[in-house]
Each structure stands twice: as C-alpha cells, then as structure tokens.
2 protein chains.
Amino acid sequence: MLIELDFQSDIPIYMQLVHAIIEGIATGELKPGDKLPPVRTLAADLGVNMLTVNKAYQHLKQLGFIQIHRKKGAVINSEEIRKADDKFYKRLFASLRPLAMESVCRHLTKSQFLTLCSEIFEEIELKGGKC
Amino acid sequence: MLIELDFQSDIPIYMQLVHAIIEGIATGELKPGDKLPPVRTLAADLGVNMLTVNKAYQHLKQLGFIQIHRKKGAVINSEEIRKADDKFYKRLFASLRPLAMESVCRHLTKSQFLTLCSEIFEEIELKGGKC
DNA sequence: TTATTTGTTATACTATATGTATAACAATAA
DNA sequence: TTATTGTTATACATATAGTATAACAAATAA
C-alpha cells in the first residue's frame, strides 16, 4: 500500500496517515484481518517518527478501524465493528454542514455539490470499494 | 444574528465564528453591504477576547466574504466576489474525500451519503437560502 | 480641527498540539 | 529464552489558540 505524505500540508502527518489507511479500507485494499506494518517499519519507510505512526494507530483504534496487539501488531477490524453509529452521524453532519454552507455562499447549487460527492464515490467504486 | 459558541469543542472559537457568519450569509440572514459588529462589541457579547474576533474577521476577509475598513468596520462582500474558484474546489474536494471514505468504511451507501447532504441543503433553503 | 469609533499591532503569558530524538519497559509469539 | 512489537517516559522545539492590556492609526462625524 502506497502512502504519500505532504509535509507542507496543514493537516497533521498522523491525520494524513489515518486518512490513507481509512481510504485503503474503503477501497478494499485493506481487508479485515490484514496487518498494518509495525510502527517502527512504517515510520522508517515514511521518514517520520515512530510516535507519529503510533499516534495514527491509536487514533484508528479509537475510531474502531483496527485492533492493536503486542507482538501481533495492528490488525484491520471486522466490518461489523465499524458500522456507523449515532456518534459518527453527528460528526459527519457537523463536518458537512460548514462545507455546504460555504458552497452555497459561493453559488454552488445543491445539484453541483451532490455531483461532486458522487464523483468521489465513483472513484471509490473504481478502485474496488463497495458503496 | 444569534451566535452560539461551544467552548468545549475541539473546533477553535475563531473558526466557530467564521462558520456562524458563513452560515448567516448562506441563509441570507446576512446580505451584501450588511455590517458585522465591531470586534470589541462582538467579543464582549460572546465573552471572548477581542483578538479572537479579529482573527475570525481576518479569516473571513481572506476567504473573500467580507471587506474591512477602519471606522466603517467589517462589511459583507457582494455576491460576485465570493464565487467558487479552483482553489475552493480543491479545498472542498480535499475535505469531502476523507468523509466519504470513512462513510464507505462504515457501510453508508453513496445514496445515504447524498441524502444526508440533501438534508443540509434543505435546511438552508428552509431558512431562506438559495441553492 | 477635534473627538470618537474602529481596526491594527505589540507584548506577555498560558496551555495545548505536533513532531522529533532516544531510550527503556512490557507483553507475547516462536 | 529471544526477538519482535507496542507502550511509555523524557526532553526538546515549534506552532496554534486564547487571554489580558495597552497603545497605535485611520476615518468619520461633530
């Protein structure tokens, strides 16, 4: 799995890592039971500190996407465990709201906004994700 | 215009302010030419520091939503100035992507995601916004 | 011209977040 | 037992967020 980091981005490195791995799960590249690389290995590969990778893994664990065992390492969770719950809906809604608001201010129609969203989902389908 | 802040939120206060004002513009509550309160006044009303409000105004100016004059204060820009440009599309896309990815991981279908977005736009329309 | 309003800037301080660098600790599978 | 792996601790640097005060600067209105 190829992970590209943008060290100039205002998005923290550990968050970019979280996003990359979630994208891997969404597209089916990472399947339940798959192992993530050891923190030391991934840190070396990406040229970042071990603790940065560890922070990303902890975050993914918190979100329910992986389980972490000593020695076994980080493993992708089963699909059941990561189902959308009320907490997620609230977070999703709270994230989408300001984006929609600014879009309306900038004269994007509802239709244009939905089309943009559709494009993202089509990209996921193209890579093998089911949605 | 009523602005409610959540001091416990992980979203910075100045950013919550930015969102609130953008929402006001989206719904039509704030129209081109309308004045925002002086930084001191708004800061006092909200119980935050003057510089926090100033930061929000600077951010809104940067985004093209307001103009700031000495003495006259902050004024909502004309609709033309805040049209969506390539920079905004990129930002919007970059923000939507991880949300869509995580949604797919949590078994939201494309259709469910689009419905959720639609609800937000309907809320905007209900409040008088055009989209 | 003068006074007032308003945004702007400067300084200082606190707390938190992000990231690096090292090193040691602890569990567990082989 | 040993090697691997996650975990934790320290220390450090930098940036962000927010508060508190105060002074500066422009522009409008009297």
Side-chain angles (χ1 to χ4, degrees), chain A residues 1 3-21 30 33-77 91 94-95 98, chain B residues 1 3-21 30 33-77 91 94-95 98:
Chain A
M1 183 183 181
I3 295 177
E4 286 184 54
L5 298 178
D6 177 3
F7 293 95
Q8 309 310 317
S9 170
D10 54 336
I11 299 171
I13 298 173
Y14 82 93
M15 215 52 189
Q16 292 183 45
L17 246 173
V18 167
H19 288 161
I21 291 165
L30 292 173
D34 282 358
K35 282 184 191 173
L36 296 180
V39 287
R40 287 172 177 80
T41 309
L42 188 51
D45 285 354
L46 297 173
V48 300
N49 192 274
M50 186 180 58
L51 296 185
T52 303
V53 177
N54 188 256
K55 196 170 183 178
Y57 282 11
Q58 290 298 331
H59 206 85
L60 286 164
K61 177 185 168 189
Q62 177 67 28
L63 291 173
F65 287 115
I66 63 173
Q67 276 184 10
I68 306 179
H69 312 272
R70 301 205 168 206
K71 185 67 181 175
K72 267 201 268 181
V75 182
I76 307 293
N77 256 338
R91 182 157 57 82
S95 302
Chain B
M1 182 182 182
I3 295 178
E4 286 184 54
L5 298 179
D6 177 3
F7 293 94
Q8 310 309 317
S9 170
D10 54 337
I11 299 169
I13 297 173
Y14 83 94
M15 214 53 190
Q16 291 183 46
L17 247 174
V18 167
H19 287 161
I21 290 165
L30 293 172
D34 282 359
K35 281 184 193 172
L36 296 181
V39 288
R40 287 171 178 79
T41 310
L42 188 52
D45 285 354
L46 298 174
V48 300
N49 193 275
M50 187 181 57
L51 296 186
T52 303
V53 177
N54 187 258
K55 197 170 183 178
Y57 283 12
Q58 290 299 332
H59 205 86
L60 287 164
K61 177 184 168 191
Q62 178 67 27
L63 291 172
F65 288 115
I66 63 173
Q67 275 184 12
I68 306 179
H69 312 271
R70 305 206 164 203
K71 185 70 182 176
K72 268 201 265 182
V75 182
I76 307 293
N77 256 338
R91 182 156 57 83
S95 302

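We name chains A, B, ... by the order of the sequence lines, and we start the count at 1 in each one.
A side chain to side chain contact (heavy atoms under 4.5 Å, CB included) with A/Y14 holds for exactly one of A/T52, A/V48, A/N54; it is A/T52. Each of B/V75, B/V53, B/L30 was checked for a side chain to side chain contact (heavy atoms under 4.5 Å, CB included) with B/L36, and the lone residue meeting it is B/L30.
Computed from coordinates, the B/Q67 CD to C/dT6 P distance equals 18 Å when rounded to whole Å. For the pair B/I68 CD1 and D/dA27 P, the computed distance is 14 Å after rounding to whole Å. To the nearest angstrom, C1' of C/dG7 lies 17 Å from CD of B/Q62. We find that CZ of B/R70 is positioned 14 Å from P of C/dT6, with the value rounded to whole Å. Taking atom NZ on B/K72 and atom P on D/dA27, their separation rounds to 10 Å, with Å as the unit. When the P atom of D/dT7 is taken as reference, atom CZ of A/R40 falls 11 Å away, rounded to whole Å. For the pair B/L42 CG and C/dT5 C1', the computed distance is 16 Å after rounding to whole Å. Per the geometry, NZ belonging to B/K71 stands 10 Å off C1' belonging to D/dA26, to the nearest Å.
A/I66 CD1 to A/Q58 CD: the interatomic distance, rounded to the nearest 0.5 Å, is 7.5 Å. Summarising the geometry, atom NZ belonging to A/K72 is positioned 8.5 Å from atom CD belonging to A/Q67; distances are rounded to the nearest 0.5 Å. Here CG of B/L60 is found 10.5 Å from CG of B/N77. Values are rounded to the nearest 0.5 Å. Atom CD1 of A/I3 is separated from atom CG of A/L42 by 5.5 Å, given to the nearest 0.5 angstrom.
Within residues 44-59 of chain B, the residues approaching DNA chain D are B/V48, B/N49, B/M50, B/L51, B/T52, B/K55, by heavy-atom distance under 4.0 Å. Heavy-atom distances under 4.0 Å link DNA chain D to no residue of residues 5-15 of chain A.
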Margin query: The test is side chain to side chain contact (heavy atoms under 4.5 Å, CB included); show your working for A/K55 and A/V18 and say whether it passes.
Written below: CA-CA 9 Å; A/K55 196 170 183 178; A/V18 167; over 6 Å; no
ask   = Passes side chain to side chain contact (heavy atoms under 4.5 Å, CB included), A/F7 versus A/I13? Steps please.
value = CA-CA 7 Å; A/F7 293 95; A/I13 298 173; 3.6 Å; yes
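Side-chain N or O atoms of A/T41 include none that pairs as donor or acceptor with a backbone N or O of A/P37 at under 3.5 Å.
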